[in-house]
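One structure is given below, encoded as structure tokens.
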Amino acid sequence: MKAWLHALPDLPDSLSTPSAVAAWELSCALPGTVVTLNTVPDMAESYRAERSADGSWNISGGKTGVLYGAYALILKSLSGESVPDVIESAPKYRLRMINCWDNADGSVERGYSGRSLFFEGGRLDYDPARMRELGRLLASVGLNVLCINNVNVHFPCQLLLEDYLEQAAQLADLFRPFGIRLMFSVDFSQPMRHGIPTADPLDESVRAWWKETADRVWQAIPDLAGFLVKADSEGRPGPFTYGRNHADGANMLAEAVRPHGGVIVWRCFVYNCRQDWRDLKTDRPKAAWEHYAFLDGAFAENVILQVKHGPFDFQVREPLSPLLLGMKHTNLAMELQLAQEYTGHQIDLYTMIPMWRELYEELPADNIMSIAAVSNLGRDENYTGHPLAAVNLYTYGRLAWDPDTKAEGAVTAWARLTYGFTPEDTEKLVTLLLSSRRIYEKYTAPLGIGWMITPHDHYGPNPSGYEYDLWGTYHKADRNAIGIDRTAGGTGYLDQYPPEIRRKYENPATCPDLLLLFYHRLPYSFRMKDGRTLVQRIYDDHFEGYEETERMAEMLKSLPFPSPDREIILQRIDMQLHNAREWRDIINTFFHRLSGAEDEKGRTIYL
Ligand code: GCU
């Protein structure tokens with residue numbers, strides 16, 4: 001299935017405005033329903049849809065608001081939700097972004113859905129009909145910015161150059177009727193490829209180069225949303241080389257794009273990735289705060305700092321990044337990752353919205369003004385490799401529009417739109433999807449410790465694979481204890497939070513179990529709140545995680561998925577079972593060998 005809009009026929013390529021798309025989609029999806037569209041310029045992206053006594057509808061909205069209103073009406077009607085007489089809505093976040101990590105050679109960094117939708121062989125290479133289909137998929141859930149190239153801008157991805165720009169402009173034309181603006185990742189040292197000896201943000205020739213470049217780029221694509229930048233991170237160039245800070249770097253670019261209404265989205269994933277494991281002073285989760293918090297208020301108005309949701313890197317469980325709570329005078333975007341890099345490669349089931357909901361328990365929705373997600377899209381027929389991974393794209397869009405979106409409602413709507421099962425089967429599928437993240441968590445790295453994954457590839461277990469590596473990701477397990485003390489008495493990471501959060505986590509007796517090993521170094525004999533020892537809890541979770549995966553497999557087999565989804569789903573759940581078994585046995589053996597503790601229930605642990 002091609003995600004949730006599969007029922008609609010292809011769009012004609014003559015539609016050039018959001019209201020033309022809205023009218024066409026409505027006529028296809030709700031053929032007997034009369035809908036009048038009324039564009040009200042100052043309503044921008046918001047809309048109001050109202051049903052009249054005779055059953056006809058009137059949708060008023062801004063230029064793209066009418067399109068969002070039309071999709072809301074269509075999706076609500078098709079999913080069998082009850083449709084109120086008045087639907088009024090406006091997006092919470094200004095930029096609702098998808099970040100693709102696509103390379104010019106057609107590969108996708110951390111991509112699990114086939115090759116790039118946009119590039120091949122060093123060039124832009126896309127199917128216009130597919131782009132229209134993608135446009136409506138993204139617009140149907142209100143997403144409005146698509147960054148098409150990898151944040152690691154590898155040569156020769158030269159989107160800023162003439163010969164690329166022409167085709168990129170044609171691509172922007174294809175997305176414009178859907179209210180979607182393109183964004184480009186740029187390389188901070190790009191001027192040095194054009195005869196300028198430095199990329200120093202305070203150097204006049206560098207500033208002039210970026211200005212001229214921005215003028216040329218926006219002339220080709222007048223509504224380009226902006227540039228996305230990964231600087232001084234994992235080998236990327238940046239302002240540190242010149243003794244400048246990140247406000248110097250971001251503001252210089254911001255000045256160049258400001259006349260065109262562009263923004264600079266500046267990523268905060270900056271840490272020492274060449275750490276010595278012997279170094280006990282550096283604690284990687286502290287890095288983002290240390291690099292940015294003191295710059296609060298120093299960034300230009302059109303700079304947005306994009307912060308990964310957790311302080312590490314998209315592990316199965318991490319606390320909310322303290323930076324998202326600490327920078328009150330800076331525009332922030334939270335970055336999520338739909339690509340299942342550490343969460344099962346779109347082989348294992350992993351529905352993310354329960355995790356996102358947990359983030360919002362601590363993040364006031366108003367703290368951020370935009371939101372981004374690393375894409376899980378690729379050239380596979382179904383876009384997301386695993387057909388059920390599309391639920392993450394759909395629910396991300398819903399959450400980006402309305403951060404109060406509830407997990408169960410959104411997953412149910414997706415399931416109904418995609419498969420149209422009976423209510424009983426829909427309920428089974430929804431239950432399974434909602435539990436899938438917790439199941440994955442149970443059989444992988446325990447209680448917030450993270451990182452026990454195969455290095456570099458990031459699929460499958462390797463408990464000490466990152467232990468003596470350069471990346472700052474250590475668990476320091478010995479025969480007595482495991483974990484890093486991140487309280488005031490330890491690395492002090494917890495000091496980066498407001499007091500109410502600090503208090504919640506600083507005491508192992510009150511710290512939520514599932515983050516215990518993120519914050520504390522504890523002996524295997526530590527008594528959990530329910531009386532079990534820490535090591536027994538780890539064994540129990542791993543046995544349960546595997547058993548629950550087996551039950552998930554049975555349930556999936558019993559559901560009437562159409563072909564080819566059925567074949568893909570059954571093949572992948574077999575792979576997941578194999579993976580879960582590896583994780584269970586390797587993690588349990590690892591802890592048994594270290595601690596010598598027997599499983600109280602006498603289950604098999606391989607020695
Ligand atoms: C992770 C991921 C990289 C990616 C990086 C980033 O480290 O493994 O592939 O480039 O995040 O977000 O920049």
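The shown structure was predicted, so the numbers you read here are calculated from the model rather than taken from an experiment.
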Inset, instruction - Please indicate whether Arg502 has more than 12 foreign heavy atoms, meaning atoms of other residues, nucleotides or ligands, lying under 6.0 Å from its CZ. - result: yes

Inset, instruction - Say whether Asp457 and Thr454, considering side chains only, have a donor N or O and an acceptor N or O under 3.5 Å apart. - result: no

Legend entry - No-hydrogen, no-angle side-chain donor-acceptor test under 3.5 Å, Thr412 and Glu408: no

Legend entry - Donor-acceptor pair between Tyr443 and Gln576 side chains, under 3.5 angstrom: yes

Inset, instruction - Scan side-chain atoms only and decide if Asn376 and Thr384 contain a donor-acceptor pair under the 3.5 Å cut-off. - result: no

Inset, instruction - Keeping the roles fixed (side chain from Ser435, backbone from Leu432), state whether a donor-acceptor pair exists under 3.5 Å. - result: yes

Legend entry - Given Tyr342, Tyr271, Trp451, the one that forms side-chain hydrogen bond (donor to acceptor under 3.5 Å, both in side chains) with Asp313: Tyr342

Inset, instruction - Give, for atom CG of Asp348 and atom CD1 of Ile573, the distance between the pair rounded to the nearest 0.5 Å. - result: 7.5 Å

Inset, instruction - Would you check if there is a donor-acceptor pair between the side chains of Tyr419 and Asp425 at a distance under 3.5 Å? - result: no

Legend entry - Under 3.5 Å donor-acceptor, Arg284 side chain and Trp471 backbone: yes

Legend entry - Contact summary for Gln306 and Asn99, nearest pair of heavy atoms: NE2-OD1, 2.8 Å

Legend entry - Side-chain H-bond candidate by donor/acceptor type, Tyr524 with Gln536, under 3.5 Å: no

Legend entry - Arg486 to Phe518, cation-pi by 6.0 Å centre distance and 45° axis angle: yes

Inset, instruction - Would you please say whether a donor-acceptor pair under 3.5 Å links the side chains of Trp4 and Ser140? - result: yes

Legend entry - Atom CD of Glu427 with >12 non-hydrogen neighbours under 6.0 angstrom: no

Legend entry - Side-chain donor/acceptor of Arg566 to backbone N/O of Lys557, under 3.5 Å: yes

Inset, instruction - Keeping the roles fixed (side chain from Gln496, backbone from Lys286), state whether a donor-acceptor pair exists under 3.5 Å. - result: yes

Inset, instruction - Please check if atom CZ in Arg581 has more than 12 non-hydrogen atoms from other residues, nucleotides or ligands closer than 6.0 Å. - result: no

Legend entry - Asn103 and Ser107 side chains, donor-acceptor separation under 3.5 Å: yes

Inset, instruction - Determine whether Lys504 and Thr510 make a side-chain contact, defined as any pair of heavy atoms from C-beta on separated by less than 4.5 Å. - result: no

